Structures are given as C-alpha cells and as structure tokens.
Amino acid sequence: MKSESSINPADTLQDWEAAWKRCLDIIRDNVPQRTFQTWFEPIQAVALEANVLTLQVPSQFFYEWLEEHYVELLGKTIRRVMGREGKIEYRIMMEGRSHQNPASVKVPASTHSRVALESNAIELPLSMKDPFAIKNPYSIPGLKRVAIDPQLNASYTFDNFVEGDCNRVARSAGAHVAQKPGTTAFNPLVIFGSVGCGKTHLAQAIGNEVRQKHPRKSVLYVSAEKFINQFIDHSRNNEVNDFIHFYQLIDVLIVDDIQFMVPAAKTQDVFFAIFNHLHQSGKQIILTSDTAPKDLEGMQERLLSRFRWGLNADIQTPEFETRQAILRLKMQHEGLEMPQEVIEYIAYNVQTNVRELEGALIAILAQSTLNKKEIDIELAKRVMKNFVKTAAREMTIENIQKLVCNYFNLPYDRLLAKTRRREVVQARQITMFLAKKFTKSSLKNIGQHFGGFDHTTVIHSCQTVENLMDTDASYKDQVQEITHKLQLASI
Ligand code: ADP
Ligand code: MG
C-alpha cells in the first residue's frame, strides 16, 4: 500500500493526507454525495503513526455520529488503504461548550472556539433577575409559574414529514436535536431552503418531539416577524430587558424565517444577546431561513459567525420520488386512495415545492368530492389547468426577484445591493414593478425586500418602468418577455 501511495499524484501531500485522500476516494463511491459532503469532507487527517491514522473531527457529536453510522465503512476503507493492521484514531476539535469532555479532547480549542464570544461586547444588560417576575408574552392564564405556551402546531410531526434526498441531512440532524436538545454539535441548527419546502414543518416537528421526549423543557416557536414586532412593542414601553429576559428562559428556541431580521438592525442586537445567553447556557436554538446564511446580506457578521457554530442544513426542492411519497402520505392521511398514474401525473407537473403540491392535491380531492367523481387522470388534468391559474396569482416577491436576476444574469445579492449601477437599477425597477402588479404586497413590504427602500422609491420605480414602456419599444418587449416568463414559471 505504501508503495502505491508514493506513485500517487498526491505525492506532495504528507503521508497521512495522502492516505486519507485515498480513503476519501473510496468513501465517495460508497455514500450519497450529500452524506459525503456533510460527514466526510470536514474531516482532516492529522497524523499517521504505526498504522494508526489520526482523523480530526469537528466535535464530539460528529465523532459519535461517524461511529454510529459509518464505523463499518470506515473500517473497511482503512483496511483497504493501509492493510489489515490499519486503524483510526480520532481527535475532536473543541467547539461547543457542551463538548468539554476532557478525556475525548486531544487537540486544543479550535480557532473559532467560544473564546471569540467573550471578546464581543454585548450591548444589552443581561443580568438575570427573578425569572418569574418577567412579563411572559406567551403565558398560559391561570398558572402562577412561568408556563410557556410553545406556539407549536401539533400537526407538524416527524411521522408526517417525508424523508427524501432533498431533506435527509436536515431531517436527521433535526431528529438528533430533538433527542438531545442543546447537547449536540448542531447548535444552532439552521435549516434553510426556498419557500414551501418544509422548513417550518421540520422546525415545528423538532419542537413537538422535544415536548414529548423532554416534557420539562420549555419550547418556544416564534416567527422572526413576530419577534420583531414584539421587540418593537417592548422598546416602545421601555421593556426591552423584560423582553430579553423572557427569551433567555427558553430551553429550545425556534425562530422561523430569520431572513426577515435582515432590515431590522436593532432586533439583530437583541437577538444576538439572547442567542449568546442561550448558547452559553447549553440551550438549543433552531433557526430557519429562506436564504443560505452566508447569503444573508445585511445580517450582522457576528450573528452569521454564530450561525456557523452549529449545522447549516439545506432543504432542496423535492425530487420526483419524494413528491410521490409526499402525495401518497397525504392521501393515506385522508384515508383515501388515488391511482398511481394520477399521483405520478401530479408529481410530474408540480415541481416547485411541497406547498403547491398540497394545493394541487386538495384541489383535485375537492373536485372529486363536489362532483362525486372518482379521481382519474382526466379529472386531475382538468383541475390542474385551473390550479395553474391560482398559482399564478400567488407569486411571491422572492420568486420575481429570482426570475428577474435569472433573466438579466445578475447574482441575487447584486439585486439587493444599494448601488446605482445601471444594470442593477434597471433590474430592481422592473422587479418592483412586477411585484406591485402580481403580488398583494404593500409598497412598504416590496421596498423592504430590497434591503429597506421606502415606498416612495417603489412608486418612483414603477412609474419609471411605465414611462419607459411607453417610450421605448424594445424596453417594453423586454418587460413583456419577463412577465411572460413569470407567468409560465408559476405554473
Ligand atoms: P416552508 O416553511 O419551507 O416554506 P412549510 O414547512 O410551510 O414550508 O411546508 C409547506 C407545506 O408542505 C406544509 O403543509 C408541510 O406540511 C408540507 N411539507 C413540506 N415538506 C414536507 C415533507 N417532506 N413531507 C410532508 N409534508 C411536507
Ligand atoms: Mg415557513
């Protein structure tokens, strides 16, 4: 084996790097790509001595996960690369405080360890007063102790969250977090992905599962929008400290759609204080976002760097197989049956996201009940035609932004940048114009989706587009072409 590695192109690598590289080549062929990226790419080989290859892994949890799920694969691989005597030893990088198990830590804290936390001044006073004197916006009437209504929807569970390639990593990380909230390396757990793909469902399923498994832990689900509004209300009444203290009591905090915090700098400050306190106290934080955290422009870097402490797991649009499985599960739930060809027809035609998939299914079920007709392919086809029209009315600002970016070949973050460059201004104006025309959003809301323009800018943009369309035929063609694409895209 040794002799082989010396004729390997990895010649310039250290022995252990070369050996690990060869292991990776084998592993890559034996696991799905996402598994490989999540569990094997982050591993670094750091030493090779007497047939023992030392691998550095990011956390205790990571190590346990590897041992639990890939021990066999790793064993076989190492023996193939290094011979029968080949062995693996792990070193665990220190990251979360919950992993301070000195016996298992063989390397000192990594550079982005918690030391960084202390050096960041927290602007808001954090002293814990009597927790029961705190105003509790979710109190359950009649109870003296702090009892928090978790604001969860009980129908979002793991049982009815279909697993597929699109969500496997996020789902299994979520299941682990639910088992051991606050004590895994997945803290925070950031679930991200486009609209309608199951972020809220999964986040709530984690909350519901924690409530079952750990009834003594307080769980709270809150949308970022609600969080912002609560914060605004509390600051009006000079009750910001109460607000912060309340949130610091939670054991498992779920904040949905954190992208809405982007334009809210002050909310980010308080969230930072809350986040630090919870994380330091070993409490679990679960966040969802419709944008990858690294692309959340306008979110403070100190928050973004904390989001990286845990696991960022994406959910993608479901593949054909998963779409079918979701439809089957929903039908089963309703106690109904549907011919396989109809399931395939819907799954094939609705590719955008799960919410639309559900919409199509409900529409078909409704038609079949109303007309007392069996569900067959003809009925499905008829309904889907109408469904397409409904979908078109439900265009979102984000979708329009993405489509316009695509059309002009403009990166998404450029569209949101506050620049006066011609190509950006033009794309921005057209997007605002279309958002006003096709969504029910207020002008203010549209402005906010561009990183905080006010409504006058939106009005001005719409007027500019209308004027240009009147005076410039090729410009008009362009806007019409985009409009046409938009209508097709939402089918
Ligand atoms: P998001 O928060 O990402 O916009 P949601 O969680 O609201 O999406 O999901 C939209 C709808 O699709 C919900 O009704 C949810 O129950 C359903 N859904 C999403 N993913 C799945 C899945 N994997 N299995 C079953 N239902 C799903
Ligand atoms: Mg959601």
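Since the structure is predicted, the reported quantities are computational estimates derived from the model, not experimental observations. Both counts, for ligands and for their atoms, begin at 1 and track the order of listing. Scope of the values below: all heavy atoms of this structure, side chains included, with no hydrogens, waters or symmetry mates.
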Exercise. Is the closest side-chain donor-acceptor distance between S223 and D257 under 3.5 Å?
Worked result: no
Exercise. Would a line drawn from the ring center of F243 to the ring center of F227 be shorter than 6.0 Å?
Worked result: yes
Exercise. Using the ring of each side chain (for Trp, its six-membered ring), is Y70 parallel, tilted or perpendicular to F40, with breaks at 30° and 60°?
Worked result: perpendicular
For this session: Measure up the W309 and F275 rings against each other and bin them: parallel (under 30°), tilted (30 to 60°), perpendicular (over 60°).
Result: tilted
Seminar exercise, completed: Ordered by chain then number, the protein residues lying under 4.0 Å from ligand 1 by heavy atom are Y156, N160, F161, V162, N167, S194, V195, G196, C197, G198, K199, T200, H201, I326, K330, V354, R355, E358
Would you list the atom pairs, donor with acceptor, under 3.5 Å between side chains in residues 403-413 and any protein atom, with sequence neighbours excluded?
unit_1	atom_1	unit_2	atom_2	d
Y407	OH	E481	OE1	3.1
Y412	OH	Q401	OE1	2.8

Exercise. Is the Lys NZ or Arg CZ of K180 less than 6.0 Å from the centre of F186's six-membered ring, within 45° of the axis?
Worked result: no
For this session: State whether T288 contributes an N/O/S atom found under 2.8 Å from the Mg ion (ligand 2).
Result: no
